[in-house]
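We name chains A, B, ... by the order of the sequence lines, and we start the count at 1 in each one. Model, not experiment: these values are computed from the prediction.
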Protein chains: 2
Amino acid sequence: MKDLVSRCPIEEVMQVLSGRWPTLLIYYLKDGTKRFADLRRDNPTVSHRMLTLELRKLETAGIVQRTAFEGYPLRVEYDLTPAGLALVPLIDAISDWWEQNEPARARASGVAEVPAPQVAS
Amino acid sequence: MKDLVSRCPIEEVMQVLSGRWPTLLIYYLKDGTKRFADLRRDNPTVSHRMLTLELRKLETAGIVQRTAFEGYPLRVEYDLTPAGLALVPLIDAISDWWEQNEPARARASGVAEVPAPQVAS
DNA sequence: GCGTGGTGACAAAAAAGTGCGTAATTTACA
DNA sequence: TGTAAATTACGCACTTTTTTGTCACCACGC
């Protein structure tokens, strides 16, 4: 993560969406407003440090809206922004693609044949 | 990357597509058959070790087709599989989404206001 | 002795987990 | 009634784990 800016947009998006959590968090937030503790309950394997870091990243990327309320006990709400909502069907599409291509994966992880053993010209 | 299998498909795809190289490699391969050295020339910053590792990953994921020819000098060709080709427009869509949401990002990285300072009930 | 497409060992760097502290209020319990 | 403890959403320092880079080496042919 040297520089946030790169030549092509794909590199930039992937800096945000790469990793286990970003897409998962987007999925959980798809259901509506969530609080920090809610998201931890949704996915118990994420550490609180990671969760804050990832949420901040999604926030600065304009995907997640963070709303902090004054007073104790603390209360912070997370929502998808309109941009974040627009991203959901795109992630869905990739998810569907993955499921549809399961047979292709099965084939690919199978035999590794040498298809055209060529003779030197 | 503990186990390759997880509950939901998104987690699985992201294990393959996460990182700088997977999507970039798919983009370069979109133009047609490429050899190992071609891909290194396309992106000089990837180390040869990373390139082999990433290509293997994409291969076992059924995205890339590897074709090795007998004889010296060695010759190995890489292509997108039909599944890989089907993935291209989906990545494109996310790339477009990213570009369209640049203004939203600009806003998000701006001020962080406290919207509703609530009084205790 | 360079190019080709790798593999493996080791080192550096990056990412992620762990545990502690913080604030004010609520609740738990003796 | 008093006090200890839990809750909430983190920040910070430290350690562990994972990822990535570097270098050397292989195979052969020109």
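Rounded to an integer number of Å, the gap from A:Phe69 CZ to C:dA23 C1' is 18 Å. Atom-to-atom, CD of B:Glu59 to C1' of C:dG5 comes out at 13 Å; the value is rounded to the nearest Å. One atom, CD of B:Glu54, and another, C1' of D:dG21, lie 13 Å apart when rounded to the nearest Å. For the pair B:Leu53 CG and C:dT7 P, the computed distance is 8 Å after rounding to whole Å. To the nearest angstrom, C1' of C:dA16 lies 14 Å from CG of A:Asn43. Taking atom CE on B:Met14 and atom P on C:dA15, their separation rounds to 15 Å, with Å as the unit. Atom CZ of B:Arg20 is separated from atom P of D:dT20 by 10 Å (rounded to the nearest Å). Rounded to an integer number of Å, the gap from CE of B:Met50 to P of C:dA11 is 18 Å.
A search for side-chain contact (heavy atoms from CB on, under 4.5 Å) contacts involving B:Val16 returns A:Trp98, B:Leu58, B:Ala61, B:Ile63, not counting sequence neighbours. For B:Glu99, the side-chain contact (heavy atoms from CB on, under 4.5 Å) criterion is met by A:Pro9, B:Asp96, not counting sequence neighbours. The side chain to side chain donor-acceptor pair (under 3.5 Å) check on B:Thr33 picks up B:Asp79, with sequence neighbours excluded. Remark: A:Thr52 engages A:Phe36 in a side-chain contact (heavy atoms from CB on, under 4.5 Å) (not counting sequence neighbours). A search for side-chain contact (heavy atoms from CB on, under 4.5 Å) contacts involving B:Leu53 returns B:Arg49, B:Met50, not counting sequence neighbours. By the salt bridge (charged side-chain N to carboxylate O under 4.0 Å, His left out) test, A:Arg41 is found to be paired with A:Asp38, residues two or more places apart in sequence or in another chain being considered. Residues forming a salt bridge (charged side-chain N to carboxylate O under 4.0 Å, His left out) with A:Glu77 (at least two apart in sequence, or on another chain): A:Arg75.
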Distances under 3.5 Å between protein N/O atoms and the N/O atoms of nucleotides 7-14 of chain D, please, pair by pair.
residue : atom : partner : partner atom : Å
D:dT8   : O3'  : A:Arg35 : NH2          : 3.1
D:dT8   : O3'  : A:Leu74 : O            : 3.2
D:dA9   : OP1  : A:Arg35 : NE           : 2.9
D:dA9   : OP1  : A:Arg35 : NH2          : 3.1
D:dA9   : OP2  : A:Ala37 : N            : 3.1
D:dC10  : OP1  : A:Arg56 : NH2          : 3.1
D:dC10  : OP1  : A:Arg66 : NH1          : 2.3
D:dC10  : OP2  : A:Arg66 : NH1          : 3.3
D:dC10  : OP2  : A:Tyr78 : OH           : 2.2
D:dG11  : OP1  : A:Arg56 : NH2          : 3.4
D:dG11  : O6   : A:His48 : NE2          : 2.9

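Taking 4.5 Å as the limit, some side-chain heavy atom of A:Leu25 sits within range of a side-chain heavy atom of A:Leu51.
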**Prompt:** After noting the C-alpha distance and the side-chain angles of B:Leu55 and B:Leu39, does the key distance pass the side-chain contact (heavy atoms from CB on, under 4.5 Å) rule?
**Reply:** CA-CA 10 Å; B:Leu55 284 170; B:Leu39 291 168; 4.0 Å; yes

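For DNA chain D, runs of at least 3 consecutive pairs of the Watson-Crick or G-U wobble type, with both hydrogen-bonding distances under 3.5 angstrom, map to C:1-3 with D:28-30, C:5-22 with D:9-26, C:24-30 with D:1-7.
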